[in-house]
Amino acid sequence: MLKVGLTGSIGVGKSFVLGVLGDLGCKVLDADATARETVAPGTPGLKGIVEAFGSGILRKDGMLDRTKLGAMVFADEAQRQRLNSILHPLIIAAQNDQIKAWQTEAPGGIAIVDAALMIESGGYRRFDKLIVVYCRPAVHLQRLILRDCLSPQEAAQRIAAQMPQEEKIKYADFLIDTSEGFEDTRRQTAAVFHELQAVAAGSAPNR
């Protein structure tokens, strides 16, 4: 099975690209969904976060208050690293388990794992290929403002807290620019999918 990482900065359209790849026949896994599962009530992940950040990051129903935690770690590099050190090993273990199951189901298929911090964490090295999704900076800022109801300053702060897009692009085997909207992104994603099919079949040289 060809294992492919999918990454890009917050708010650039990774989820849409992942959905298109799933529609085209890839096995897809969203790291955000995995992360939510690893911090569900009663899990070691949530226990570790409460120990590190205090019970104030819990909602009344015992669930993690992701908005409160996000505001805390986006503003503090040390806190962000602390959170990542708790969650990343758990998320990677869950991803590995899922990929093993897929390999049994579809040994010649393509597995796509989406994660925002794949390059920063070094997790991209686990994959055969890496897709980086990006968009123009002005488009990026506006999308984040609208999606998360942030002020321009808050959106800019969240973007600045991540590796710059131009740096992520350097790691890519395949690039998808979402600046021009859904249909153009769908077209680019389909083209990348066909290249991945060729690589999976062994009929194209590795890039």
Is a side-chain donor or acceptor of [X] paired with a backbone partner of [Y] at a separation under 3.5 angstrom?
{"X": "Gln188", "Y": "Asp177", "value": "yes"}
{"X": "Thr7", "Y": "Val132", "value": "no"}
{"X": "Gln165", "Y": "Ser9", "value": "no"}
{"X": "His140", "Y": "Ile159", "value": "no"}
{"X": "Arg80", "Y": "Ala161", "value": "yes"}
{"X": "Arg82", "Y": "Ala52", "value": "yes"}
{"X": "Asp173", "Y": "Leu130", "value": "yes"}
{"X": "Lys27", "Y": "Ile112", "value": "no"}
{"X": "Glu154", "Y": "Ser151", "value": "yes"}

### Query
Can Gln81 and Glu77 be counted as having a side-chain donor-acceptor contact under 3.5 angstrom?
yes

What are the two closest non-hydrogen atoms of [X] and [Y], and how far apart are they?
{"X": "Ile145", "Y": "Ala155", "value": "CG1-CB, 3.7 Å"}
{"X": "Pro41", "Y": "Gly62", "value": "CG-O, 3.9 Å"}
{"X": "Gly45", "Y": "Ile86", "value": "O-CG2, 4.1 Å"}
{"X": "Phe127", "Y": "Val4", "value": "CD2-C, 3.6 Å"}
{"X": "Met72", "Y": "Ile57", "value": "CE-CG2, 3.7 Å"}
{"X": "Thr178", "Y": "Val12", "value": "OG1-O, 2.6 Å"}

### Query
Which is it for Asp114 and Leu29 under the side chain to side chain contact (heavy atoms under 4.5 Å, CB included) test, yes or no, and what are the steps along the way?
CA-CA 6 Å; Asp114 163 25; Leu29 184 61; over 6 Å; no

In this structure, would [X] and [Y] fall into the same cluster of hydrophobic residues linked by side-chain contacts under 4.5 Å?
{"X": "Leu24", "Y": "Val133", "value": "yes"}
{"X": "Ile169", "Y": "Met163", "value": "yes"}
{"X": "Ile91", "Y": "Val113", "value": "no"}
{"X": "Leu144", "Y": "Leu141", "value": "yes"}
{"X": "Val20", "Y": "Phe182", "value": "yes"}

Mind checking the [atom1]-[atom2] spacing from [X] to [Y]? Nearest 0.5 Å is all I need.
{"X": "Gln103", "Y": "Glu105", "atom1": "CD", "atom2": "CD", "answer": "10.5 Å"}
{"X": "His88", "Y": "Gln95", "atom1": "NE2", "atom2": "CD", "answer": "9.0 Å"}
{"X": "Gln142", "Y": "Arg147", "atom1": "CD", "atom2": "CZ", "answer": "13.5 Å"}
{"X": "Glu167", "Y": "Ile119", "atom1": "CD", "atom2": "CD1", "answer": "8.5 Å"}
{"X": "Leu21", "Y": "Arg186", "atom1": "CG", "atom2": "CZ", "answer": "11.0 Å"}
{"X": "Cys26", "Y": "Leu196", "atom1": "SG", "atom2": "CG", "answer": "6.5 Å"}

### Query
When you check the gap from the basic side-chain N to the acidic O, do Arg187 and Glu180 get nearer than 4.0 Å?
no

### Task
May I ask you to decide whether Glu195 forms a salt bridge with Lys129, counting only side-chain N to carboxylate O separations under 4.0 Å?
no

For a 4.5 angstrom cut-off between non-hydrogen side-chain atoms, does [X] reach [Y]?
{"X": "Phe193", "Y": "Ile110", "answer": "yes"}
{"X": "Val73", "Y": "Asn84", "answer": "no"}
{"X": "Met118", "Y": "Leu6", "answer": "no"}

#### Entry: Worked check of side chain to side chain contact (heavy atoms under 4.5 Å, CB included) between Leu58 and Asp65
CA-CA 5 Å; Leu58 293 177; Asp65 188 329; over 6 Å; no

### Message
If the condition is salt bridge (charged side-chain N to carboxylate O under 4.0 Å, His left out), which residues does Lys3 pass it with, not counting sequence neighbours?
### Response
none

### Message
Among residues at least two apart in sequence or on other chains, which ones pass salt bridge (charged side-chain N to carboxylate O under 4.0 Å, His left out) with Arg59?
### Response
Asp61

### Query
Where does the angle between the aromatic ring planes of Tyr171 and Tyr124 fall among parallel (under 30°), tilted (30 to 60°) and perpendicular (over 60°)?
perpendicular

### Task
Step by step, work out the side chain to side chain contact (heavy atoms under 4.5 Å, CB included) result for Thr189 and Phe16.
CA-CA 10 Å; Thr189 304; Phe16 178 76; 5.7 Å; no

### Task
Would you sort out whether Lys168 and Leu175 count as a side chain to side chain contact (heavy atoms under 4.5 Å, CB included), showing the intermediate values?
CA-CA 10 Å; Lys168 291 189 176 187; Leu175 290 168; over 6 Å; no

## Note on the structure
In short, side-chain hydrogen bond (donor to acceptor under 3.5 Å, both in side chains) pairs touching residues 29-47 with sequence neighbours left out are Lys47-Glu51

